[in-house]
Undergrad: 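Take this structure, written in structure tokens, and hold onto it; I'll ask about it next.
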Amino acid sequence: MLLLPALPIPAQQPGKQLTLKECYQLAKQGNTLVQQAQRSLQAREYALQAENRSYYPKLDLLAGYNYLGKPLEINLQQVKDGVVNGSSAQSVNTANEVYRQVTGQPLPQNVQDVIYNATKGIINTFYPDYNPALAKQSYFTAALALRQPLYLGGKISAAQDLARTQVTGGQVNQEVVEKGLYFTVGAQYLRILYLNTILAHEAVLVQAFEKNRDYAASLKDNQVLPPYLLNWARVACVQATNRYRNLALEKENALLELNNMLGQPLETVITIEDTLQYEQTPVAASGETELLQQSPVYRLVANKTDLANVAVKASRSLALPNIFAIGSLNLYQKDLPVTIPPWLLGVEMQWNLFDGFQQSKRTKATKMLVEEAELAAAHTKTSLELQLQVAVNKMKALQNDVASLDSARQQAHLTTTLVTDRMQNQLSSVKDVNDALLQEEEMQKIYYTAVMGYYLALAEYYNIIGTPEQLAAYVDR
């Protein structure tokens with residue numbers, strides 16, 4: 001591990017070293033995206049609990065107040081002729097029966113006509129010329145209504161399966177969010193380690209530039225070195241110091257971004273002083289293909305296939321009848337024109353017999369969604385296999401780069417040492433030392449950029465197989 005020498009950089013308050021594994025825990029607890037996924041899962045769980053209670057009876061309180069435009073009336077005028085003629089005929093029939101019982105003979109026809117016309121005239125005289133009201137113009141009712149599903153053609157079980165599949169999807173979605181966050185946090189942590197490493201080497205190089213500047217100043221004072229070479233040494237030293245300070249500011253920004261990922265206040269002090277240490281990790285794509293099916297991304301797509309299959313089941317159930325047991329208990333009625341029985345029980349059935357073939361088209365549509373989801377799952381699996389192979393090849397390529405760049409940076413450091421020794425023996429110039437230092441600085445950056453790229457490829461590898469948190473085993477040492 002490299003230690004930073006004392007240089008004017010923004011001071012960081014002392015604190016416990018924050019490991020990558022601890023970052024994962026903090027992100028899981030505080031990141032808003034994870035909390036949002038958790039709330040979504042809880043909502044789906046409550047929806048499943050609600051669907052599991054669909055078999056319970058529904059008890060409703062029904063109450064109503066009705067005000068009619070005009071009261072309910074008996075239309076006496078419409079039945080007037082029937083009432084008058086019927087009553088007159090009844091009177092004639094009664095008189096005829098009485099006369100028959102007394103004399104044994106029917107009433108003469110002229111007498112029957114007289115009785116009929118007299119009765120008709122009396123009834124016409126006293127018959128109302130208006131329609132009487134049956135009840136008041138408003139009325140109020142209250143009752144309890146019970147509805148118990150007996151058979152719904154599988155609609156309830158389909159709804160429960162749908163809610164259960166959505167809960168599974170919510171769990172996988174939460175895992176996808178968490179794994180994606182772990183990958184992002186791991187990449188940010190690697191960036192901070194990279195900056196720590198470059199800062200450590202830059203600090204050493206800044207000291208070398210300062211020594212070279214001071215040595216150039218002594219040579220100039222002894223009139224051995226031209227003034228313009230001293231100026232170049234000073235410029236190189238100032239530029240190196242600025243690069244160091246800019247890197248320190250970049251690290252400060254990286255820590256702020258990490259705080260945001262962890263869901264912490266931006267002013268929270270984070271202590272991360274570790275540096276990148278290269279360690280080759282053996283990985284292979286052939287033995288990990290089966291693990292792709294456990295990847296949250298793949299399982300999320302598979303969940304969509306399950307949802308589509310449930311949709312087919314639900315669509316088919318719509319074509320089956322619904323049978324309910326019903327009951328009603330009359331609680332209160334006022335000013336109602338008719339008397340309602342105190343209670344009733346019954347069974348009702350609802351069955352759609354024809355809807356213009358709408359239901360069959362919906363069923364075909366859901367089947368097409370199943371095929372679409374299966375194709376998406378196959379495409380996702382192929383894509384993950386491709387990404388896995390690319391990540392492995394990328395790691396192999398970066399391993400080769402790191403090996404060659406390690407030799408190059410060691411050679412650059414050796415060159416700087418030799419050129420510095422030659423300068424002290426007046427066999428090379430101050431500018432030669434500056435050029436060697438710049439070359440060494442560039443080679444160090446390129447080397448550790450390759451190292452960071454290797455670890456990013458490793459993080460991508462573990463992210464593809466669904467275990468990005470495994471990166472901590474190689475970073476936290």
Side-chain angles (χ1 to χ4, degrees), residues 1-5 7 17 19-20 183 186-212 236 239-240 243-244 246-248 250-251 254 272-285 388-423 428 432-463 468 470-477:
M1 183 177 296
L2 296 173
L3 299 177
L4 294 176
L7 282 172
Q17 176 75 18
T19 64
L20 179 56
F183 174 73
Q188 187 69 9
Y189 197 90
L190 287 174
R191 178 189 173 198
I192 294 174
L193 296 186
Y194 167 78
L195 291 173
N196 287 342
T197 307
I198 300 301
L199 279 169
H201 287 284
E202 284 291 327
V204 175
L205 291 174
V206 167
Q207 289 183 346
F209 275 109
E210 289 177 347
K211 290 180 180 180
N212 192 45
Q239 289 178 341
R243 287 194 296 271
Y244 179 84
N246 290 339
L247 285 171
E250 186 175 350
K251 178 186 175 182
I272 300 176
E273 298 297 342
D274 281 345
T275 56
L276 280 178
Q277 301 292 329
Y278 175 68
E279 179 181 343
Q280 185 171 332
T281 305
V283 294
L388 184 65
Q389 186 63 56
V390 170
V392 171
N393 292 338
K394 188 185 299 184
M395 291 174 61
K396 292 179 180 178
L398 287 168
Q399 287 173 358
N400 298 332
D401 290 342
V402 169
S404 61
L405 290 172
D406 186 37
S407 301
R409 69 161 182 153
Q410 292 178 9
Q411 185 62 41
H413 179 70
L414 178 61
T415 301
T416 301
T417 302
L418 294 175
V419 172
T420 302
D421 292 342
R422 288 175 60 84
M423 182 188 68
S428 63
D432 294 334
V433 175
N434 287 337
D435 292 341
L437 288 172
L438 289 174
Q439 182 66 25
E440 181 182 356
E441 177 184 13
E442 190 66 22
M443 292 308 302
Q444 290 286 359
K445 287 183 178 180
I446 294 175
Y447 169 77
Y448 281 106
T449 299
V451 173
M452 184 178 70
Y454 171 80
Y455 279 113
L456 285 175
L458 181 63
E460 184 179 358
Y461 170 84
Y462 284 122
N463 186 52
Q470 283 190 251
L471 179 66
Y474 303 95
V475 175
D476 296 337
R477 290 188 298 271

Undergrad: Locate the shortest heavy-atom distance separating A248 from L199; write the atom from each residue and the value.
TA: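 Heavy atoms of A248 and L199 come nearest at N-CD2, 3.7 Å.
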Undergrad: Do Y278 and Q399 pass the side chain to side chain contact (heavy atoms under 4.5 Å, CB included) test, and can you show the C-alpha distance, the side-chain angles, and the key distance before you say yes or no?
TA: CA-CA 10 Å; Y278 175 68; Q399 287 173 358; 3.5 Å; yes
Undergrad: How far does CG of L405 sit from CD of Q410, to the nearest 0.5 angstrom?
TA: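 So the CG of L405 and the CD of Q410 are separated by 11.5 Å.
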Undergrad: To the nearest 0.5 angstrom, please state how far the CG atom of L388 sits from the CG atom of N463.
TA: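 Between atom CG of L388 and atom CG of N463 there are 11.5 Å.
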Undergrad: List the atom of F209, the atom of A236, and the distance in Å for their closest heavy-atom pair.
TA: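 It is CE2-CB, 3.7 Å.
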Undergrad: In Å, rounded to the nearest 0.5 Å, how long is the span from CD of E279 to CG of L458?
TA: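 Separation between the atoms: 10.0 Å.
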Undergrad: Using modelled atom types and a 3.5 Å cut-off, is there a donor and acceptor pairing between side-chain atoms of D432 and backbone atoms of V419?
TA: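 Answer holds: no.
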Undergrad: What pair of heavy atoms forms the shortest contact from L20 to G186, and how long is it?
TA: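 Shortest heavy-atom contact: CD1-CA, 3.8 Å.
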Undergrad: Pair N246, E250 - check side chain to side chain donor-acceptor pair (under 3.5 Å), show working.
TA: CA-CA 6 Å; N246 290 339; E250 186 175 350; over 6 Å; no
Undergrad: Distance from M443 atom CE to H201 atom NE2, nearest 0.5 Å?
TA: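 It comes to 12.5 Å.
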Undergrad: Once side-chain contact (heavy atoms from CB on, under 4.5 Å) is applied, do any residues pair with Q411, and if so which ones, sequence neighbours excluded?
TA: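 Only L414, T415 meet the side-chain contact (heavy atoms from CB on, under 4.5 Å) criterion with Q411.
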Undergrad: Looking at every non-hydrogen atom in both residues, tell me the closest pair between V206 and Y244 and how far apart they are.
TA: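 That would be CG2-CB, 4.1 Å.
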Undergrad: Sub-3.5 Å donor-acceptor pair from the side chain of E441 to the main-chain atoms of E202, do we have one?
TA: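 It does not hold such a pair.
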Undergrad: Specify the closest pair of heavy atoms between Y448 and I198, including all atoms of both residues, with the distance to one decimal.
TA: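 That closest heavy-atom pairing would be CB-CD1, 3.9 Å.
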Undergrad: For a quick check under 3.5 Å, do Q389 and N393 share a side-chain donor-acceptor pair by atom type?
TA: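 The criterion, which ignores hydrogens and geometry beyond distance, is satisfied for N393 and Q389.
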Undergrad: Taking side-chain contact (heavy atoms from CB on, under 4.5 Å) as the test, write out the residues that go with L398, two or more places apart.
TA: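 Checked L398 against side-chain contact (heavy atoms from CB on, under 4.5 Å); matches are K394, D401, Y454, A457.
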Undergrad: Would you compute the distance between atom CD of E273 and atom CG of L193 and round it to the nearest 0.5 angstrom?
TA: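 Between atom CD of E273 and atom CG of L193 there are 10.0 Å.
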Undergrad: Between the side chain of N196 and the main-chain N/O of D274, is any donor-acceptor distance below 3.5 Å?
TA: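 Judged by distance alone, yes, a pair lies under 3.5 Å.
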Undergrad: Evaluate the criterion side chain to side chain contact (heavy atoms under 4.5 Å, CB included) for residue pair V451 and Y455; output intermediate values, then yes/no.
TA: CA-CA 6 Å; V451 173; Y455 279 113; 3.8 Å; yes
Undergrad: How far does CE of M452 sit from NZ of K445, to the nearest 0.5 angstrom?
TA: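 NZ of K445 is found 12.5 Å from CE of M452.
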Undergrad: Check side-chain contact (heavy atoms from CB on, under 4.5 Å) between T416 and all other residues, then give those that pass, not counting sequence neighbours.
TA: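 For T416, the residues satisfying side-chain contact (heavy atoms from CB on, under 4.5 Å) (neighbours in sequence not counted) are T420, A436, L437, E440.
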Undergrad: Among all residues two or more places apart in sequence or in another chain, which pass the side-chain contact (heavy atoms from CB on, under 4.5 Å) test with S407?
TA: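 Checked S407 against side-chain contact (heavy atoms from CB on, under 4.5 Å); zero matches.
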Undergrad: Could I get the full list of salt bridge (charged side-chain N to carboxylate O under 4.0 Å, His left out) partners for D476, not counting sequence neighbours?
TA: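 D476: no salt bridge (charged side-chain N to carboxylate O under 4.0 Å, His left out) contacts found.
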Undergrad: Checking side-chain polar atoms at under 3.5 Å, does D435 have a donor or acceptor matched by the opposite partner on Q439?
TA: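 There is no such pair (donor and acceptor under 3.5 Å, judged by atom type) between the side chains of D435 and Q439.
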Undergrad: Does the side chain of Q17 come under 3.5 Å of the side chain of T19 through a donor N or O and an acceptor N or O?
TA: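 No donor-acceptor contact under 3.5 Å links the two side chains.
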Undergrad: Report the residues that fulfil salt bridge (charged side-chain N to carboxylate O under 4.0 Å, His left out) with E442, sequence neighbours left out, ordered by chain and then residue number.
TA: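 Partners of E442 by the salt bridge (charged side-chain N to carboxylate O under 4.0 Å, His left out) criterion come out as none, since no residue qualifies.
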